[in-house]
**Q** 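I'd like to ask you about the structure that follows.
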2 protein chains.
Amino acid sequence: MKTSAGTSRRLGTRGQPEESRAAILKAAVAEFAEHGIAGARTDAIAQAAHVNKALLYYYFKDKDALYEAVLDQVFSGLRARVVPVLESKLPPRQKMLEYLGAYFDYIAANPRFPRVVQAEWMQSGTKGSAHMRRVAQEYFRPIFEKLADVLREGMEAGEFRAVNAMDFVPSVVGVIIFYFSAAPLMKTLMKVDPLSVERIRERRAFVLDFISAALFV
Amino acid sequence: MKTSAGTSRRLGTRGQPEESRAAILKAAVAEFAEHGIAGARTDAIAQAAHVNKALLYYYFKDKDALYEAVLDQVFSGLRARVVPVLESKLPPRQKMLEYLGAYFDYIAANPRFPRVVQAEWMQSGTKGSAHMRRVAQEYFRPIFEKLADVLREGMEAGEFRAVNAMDFVPSVVGVIIFYFSAAPLMKTLMKVDPLSVERIRERRAFVLDFISAALFV
DNA sequence: TTCATATAATTAACCAGTTAGTTAGATTGT
DNA sequence: ACAATCTAACTAACTGGTTAATTATATGAA
């Protein structure tokens with residue numbers, strides 16, 4: 001139900017186009033996460049989505065555009081969860097905790113997302129790729145700046161230790177994200193499943209405590 | 001090709017085989033770091049090493065074996081720096097600080113290494129790839145266990161807060177590594193060069209302080 | 001109600017460019 | 001001479017992307 005009022009467009013459609021598109025996107029997230037941008041195979045995506053490969057190119061311009069759509073889905077979801085918290089009127093300490101929790105929960109609910117992002121980090125070495133810059137501008141900059149505000153506020157209130165946002169923010173992201181992208185490796189190293197429900201609950205508590213201890217006075 | 005006049009270092013004739021091998025390996029590190037394992041091009045490696053592509057296959061079985069050699073170089077270097085510290089007789093607090101510093105310095109001196117590793121994380125999604133397990137066994141397990149010992153010791157001495165090694169270790173790695181793999185993105189976001197010498201010095205101080213605050217009582 | 005028509009959705013088959021890996025031989029120090 | 005080192009040229013397989021045809025549905029005139 002997405003035909004909005006106004007000019008009724010003539011839809012001589014069969015099947016559910018939205019379903020196909022969504023299936024493709026979902027399969028693409030998995031494939032890109034698992035093999036990276038260069039390693040992802042369009043045939044594999046089509047097969048996983050139970051769809052002919054040409055349909056990928058019917059809905060998306062090319063592999064790159066499909067990857068871009070994947071990035072948008074991942075980051076718009078993150079933004080939707082996290083920005084409301086940062087724009088709320090909580091005191092800095094609690095706002096930070098809420099932010100950390102929201103971020104963690106989003107990643108925990110979608111453990112393959114970090115890998116999609118890592119694939120993007122990878123994309124081009126020293127200089128940033130084309131849509132890395134776009135993603136940075138559209139998603140990261142606003143979040144980063146709001147987060148820097150919270151830090152400033154907390155430091156002025158004497159509740160936070162003195163930290164540089166340029167140091168603090170990537171550290172937090174690293175702590176949250178790295179655990180999940182390293183999970184397969186950890187699985188081979190320990191007996192415990194790093195992604196079991198209890199483990200994730202423990203991990204969440206640890207992350208909040210760890211960063212609290214590092215940031216709060 | 002560089003069949004130029006003059007005495008430009010012409011590897012390729014029967015000069016130093018070790019030099020050729022080393023040149024290939026160095027070029028491979030850069031290429032794998034920049035494009036990941038699937039994105040790396042053997043032609044590009046050969047060209048960067050000023051060597052015929054067939055020579056890669058003279059020294060290394062195939063692309064995969066070359067990547068394995070790259071992994072070994074990266075991780076044996078890390079181990080060489082870090083294990084002596086962990087086996088020294090320092091008190092836990094100082095041993096931990098030494099370890100963090102050594103780790104950080106190794107990565108800072110080779111900022112592309114994290115990307116090589118990320119490429120490996122990526123390699124296979126849920127289950128670990130063949131040589132990820134090997135790397136884990138050969139390099140990570142011993143380091144991890146020694147580190148867990150330090151933690152236990154420090155906690156028993158009442159110098160460390162109560163932390164689970166399974167939580168603490170990947171968090172530390174994440175903090176150290178992520179900054180470098182995110183550097184290209186940060187460069188587009190801030191005015192400061194995240195890899196300048198002063199910035200790296202600042203970053204080092206931050207990391208030590210950040211983790212100290214999070215771990216020490 | 002019926003039926004031709006337009007068009008969205010979907011596919012099988014194909015193609016051109018790329019890439020890992022090979023082969024057959026050349027070069028060089030000893 | 002001869003083996004270690006190195007290369008130009010080649011190939012088999014793969015992969016992103018295209019094309020031409022096909023199916024299903026809505027629309028509207030008769």
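Just so we're on the same page: letters track the sequence lines, and every chain starts at 1.
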**Q** Could you state the CZ-P distance from A:R21 to C:dT10, rounded to the nearest angstrom?
**A**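 The answer, rounded to whole Å, is 12 Å.
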**Q** Please give, in whole Å, the distance from D:dG17 C1' to A:I45 CD1?
**A**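 Whole-Å distance recorded here is 13 Å.
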**Q** Nearest whole Å is fine: how far is D:dA8 C1' from B:Q47 CD?
**A**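 One finds 15 Å between C1' of D:dA8 and CD of B:Q47, rounded.
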**Q** B:R201: what forms a side-chain hydrogen bond (donor to acceptor under 3.5 Å, both in side chains) with it, not counting sequence neighbours?
**A**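 Partners of B:R201 under the side-chain hydrogen bond (donor to acceptor under 3.5 Å, both in side chains) test: none.
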**Q** Taking side-chain hydrogen bond (donor to acceptor under 3.5 Å, both in side chains) as the test, write out the residues that go with A:E19, two or more places apart.
**A**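 With sequence neighbours excluded, A:E19 shows a side-chain hydrogen bond (donor to acceptor under 3.5 Å, both in side chains) to no residue whatsoever.
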**Q** Using side-chain hydrogen bond (donor to acceptor under 3.5 Å, both in side chains) as the criterion, list what pairs up with B:R199, not counting sequence neighbours.
**A**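 With sequence neighbours excluded, B:R199 shows a side-chain hydrogen bond (donor to acceptor under 3.5 Å, both in side chains) to A:D167, B:Y179, B:E202, given in chain and number order.
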**Q** Apply side-chain hydrogen bond (donor to acceptor under 3.5 Å, both in side chains) to A:E145 and list each qualifying residue two or more places apart in sequence or on a separate chain.
**A**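 Partners of A:E145 by the side-chain hydrogen bond (donor to acceptor under 3.5 Å, both in side chains) criterion come out as none, since no residue qualifies.
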**Q** Check the phosphate of C:dT10 against A:Y59, side-chain N and O only, distance under 4.0 Å to OP1 or OP2. Yes or no?
**A**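 Yes, within the criterion.
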**Q** Could you check how far CG of B:L55 sits from P of D:dA9, rounded to whole Å?
**A**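 Checked: the CG to P distance equals 17 Å.
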**Q** Reading nucleotides 12-25 of chain C from the 5' end, what letters show protein touch, with B for base, S for backbone sugar-phosphate only, - for no heavy atom under 4.0 Å?
**A** B------SBBBB--
**Q** Return a table of donor-acceptor pairs under 3.5 angstrom between the side chains of residues 81-88 of chain A and protein atoms on other chains or two or more places apart.
**A**
| unit_1 | atom_1 | unit_2 | atom_2 | d |
| --- | --- | --- | --- | --- |
| A:S88 | OG | A:V85 | O | 2.7 |

**Q** Distance check needed: D:dA20 P versus A:Y58 OH, whole Å only.
**A**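 For the pair A:Y58 OH and D:dA20 P, the rounded distance is 17 Å.
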**Q** Quick one about A:S196 and A:R203 (side-chain donor to acceptor, distance below 3.5 Å, no hydrogens or angles considered), yes or no?
**A**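 No, no side-chain donor-acceptor pair sits under 3.5 Å.
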